[in-house]
There are 2 protein chains.
Amino acid sequence: MTTDQSKAPAKRDRILDAAEHLFAERGFEGVTLRQIASQAGVDVALASYHFGKKDELFTAVFQRRAGELNDRRLAALAEAKRQAMPNTVSVEAIISAFLRPLEDVQREGDSGWQHYLALIAYVNNHTYWGQRLMSSAFDQLVTEFIGALKAALPEAPNDKIYWCYHNLSGALTLTLARTGRIDRLSEGACRSDDYQSAYDQMIPFMAAGFYSVCKA
Amino acid sequence: MTTDQSKAPAKRDRILDAAEHLFAERGFEGVTLRQIASQAGVDVALASYHFGKKDELFTAVFQRRAGELNDRRLAALAEAKRQAMPNTVSVEAIISAFLRPLEDVQREGDSGWQHYLALIAYVNNHTYWGQRLMSSAFDQLVTEFIGALKAALPEAPNDKIYWCYHNLSGALTLTLARTGRIDRLSEGACRSDDYQSAYDQMIPFMAAGFYSVCKA
DNA sequence: ATCAAAATTCAACGAGCGTTGAAAAGTAAA
DNA sequence: TTTACTTTTCAACGCTCGTTGAATTTTGAT
């Protein structure tokens, strides 16, 4: 086949997929290159050939979908601004633009996005080297959303905005981790993989929190 | 010294302290027994002698302070009930009883509690084996608090209570992880180690969220 | 068909891992 | 001071890890 892009990079991508899955489940040190290669159906040396050191493979996995996720969220924010009068976008609409693209990629896509979002949760909770990755991949986007929140809450003290975003980010992170803990605590009334319910309640919850804390 | 309890178990406890610190920072697989022994100033074999396998050491670290933390939180909840009329404890008071004991142990104690709370964050975000530890250590306490929340919000649908607690737990977990991300995003306006500010804003934020979601 | 380049596998390395059994040191009662 | 016991160290084991250089296969243009 001439310039066949549907089959050419199969093994390289399968390494990324397997690494995404396993890193999200067990963390960087909890996974061996041999496990990744085995799940990808590939020799262990191939991961080094394509990606270099183990931490470079991790970085490649983390950055692979970051751009598309940022694009989707920015598009959702732009659409919210378009539908509202200038400078009147509600906090609910901003939070919705931040969260709904996650629901979208989970609903439409294969399980790759599920694993990727769990990987974000892992990195976001990691103190040392995780923060470099978070900043390089998402700081610009988050700053954009926080700017919109400041415009929607013009009287809010600067630090309160960030603390409120911190609450949102933490709740979201635990949602993305899908640990199954809520399933057990609620004895089945809630399910970790029920994203729609998670976001349906999270949006009004967080909006109410923002309004309450960012009043004065 | 006869029956001196201030010096007798020094090395055993130093292993627990070092393991607490390192496990919280780098996770179970991210730390070696040799690093723990080195930080404790002890031979590597001593950890195996006192605690057995590596995962048994981890369990011992995790359970060491769980009982005292549960006692403090239950005492705070009982005090909130005592100060209010029967069945009129506010959501704010319940959340406060859940959070303030964390602030207390951080303020009064050495850095051991700081590391322990970061370890809770690590375990809580861990999908597989983390959930067994969380359930055995904290399910009973959490069920107690959720019972109080249901009493304070009698009209709330059952599943909404659990989702709201999930939001609270996620935001708290990210706070305990102290990743430094909020410091960077806010350019110094907020600090991850400023627990008092974190809890001061979290209590009204979460209470407003509970009220908003648990209306119908 | 030829040939150079890329992709993939093979085989092995040195290092560090958790764990263990035996030796040594410390402790306290008889 | 002997004795029994606990605590700690020492030395080493078998194993798995990430990584690499050479060999092999595949690919795609000529």
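Atom set for the values below is all heavy atoms of this structure, side chains included, hydrogens, waters and symmetry mates excluded.
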Query raised in the report: Restricting to pairs with a member in residues 47-69 of chain A, which pass side-chain hydrogen bond (donor to acceptor under 3.5 Å, both in side chains), not counting sequence neighbours?
Result: A:D17-A:R64, A:E20-A:R64, A:E20-A:R65, A:E68-A:R72
Report task. List for me each residue that meets side chain to side chain donor-acceptor pair (under 3.5 Å) alongside A:D200, sequence neighbours excluded, and say none if there are none. Result -> A:R100
Query - Angle of first-five versus last-five pair axes in the helix from C:dA1-D:dT30 to C:dA30-D:dT1, to 10 degrees - result: 10°
With 3.5 Å as the limit, what N/O pairs link the protein to nucleotides 15-22 of chain C?
unit_1: C:dC17; atom_1: OP1; unit_2: B:T32; atom_2: OG1; d: 3.4
unit_1: C:dG18; atom_1: OP1; unit_2: B:L33; atom_2: N; d: 3.4
unit_1: C:dG18; atom_1: OP1; unit_2: B:K54; atom_2: NZ; d: 3.2
unit_1: C:dG18; atom_1: OP2; unit_2: B:L33; atom_2: N; d: 3.0
unit_1: C:dG18; atom_1: N7; unit_2: B:R34; atom_2: NH1; d: 2.7
unit_1: C:dG18; atom_1: O6; unit_2: B:R34; atom_2: NH2; d: 3.2
unit_1: C:dT19; atom_1: OP2; unit_2: B:K54; atom_2: N; d: 2.9
unit_1: C:dT20; atom_1: OP1; unit_2: B:K53; atom_2: NZ; d: 3.0

Report task. Would you mind checking if A:K11 and A:D43 are paired as a salt bridge, meaning a charged N to carboxylate O distance below 4.0 Å? Result -> no
Query - Between D:dC17 (P) and A:L57 (CG): distance, integer Å - result: 15 Å
Report task. Could you tell me the separation between the CZ atom of A:F51 and the P atom of C:dA6, rounded to a whole number of Å? Result -> 17 Å
Requested in this report: Take atom CG of A:L46 and atom P of D:dT25, then tell me their distance rounded to the nearest Å.
Outcome: 16 Å
Requested in this report: Output, in order, the C-alpha distance, side-chain angles, deciding distance and verdict of side-chain hydrogen bond (donor to acceptor under 3.5 Å, both in side chains) for A:Y195 and A:E103.
Outcome: CA-CA 7 Å; A:Y195 276 93; A:E103 190 182 346; over 6 Å; no
Query raised in the report: Parallel, tilted or perpendicular for A:F58 and A:F28, by the 30°/60° rule?
Result: perpendicular
Requested in this report: Verify whether the ring centers belonging to A:H166 and A:Y162 lie closer than 6.0 Å.
Outcome: no
Query raised in the report: OP1, OP2 of D:dT6 versus side-chain N and O of B:H50: anything below 4.0 Å?
Result: no
Report summary line: For B:A19, the side chain to side chain contact (heavy atoms under 4.5 Å, CB included) test, sequence neighbours excluded, returns B:F23, B:I36, B:L57, B:V61
Report task. Please list, chain by chain and in numerical order, all residues satisfying side chain to side chain donor-acceptor pair (under 3.5 Å) with B:D183, sequence neighbours excluded. Result -> B:S192
Query raised in the report: Once you round it to whole Å, what is the distance between P of C:dA7 and CG of A:L16?
Result: 14 Å
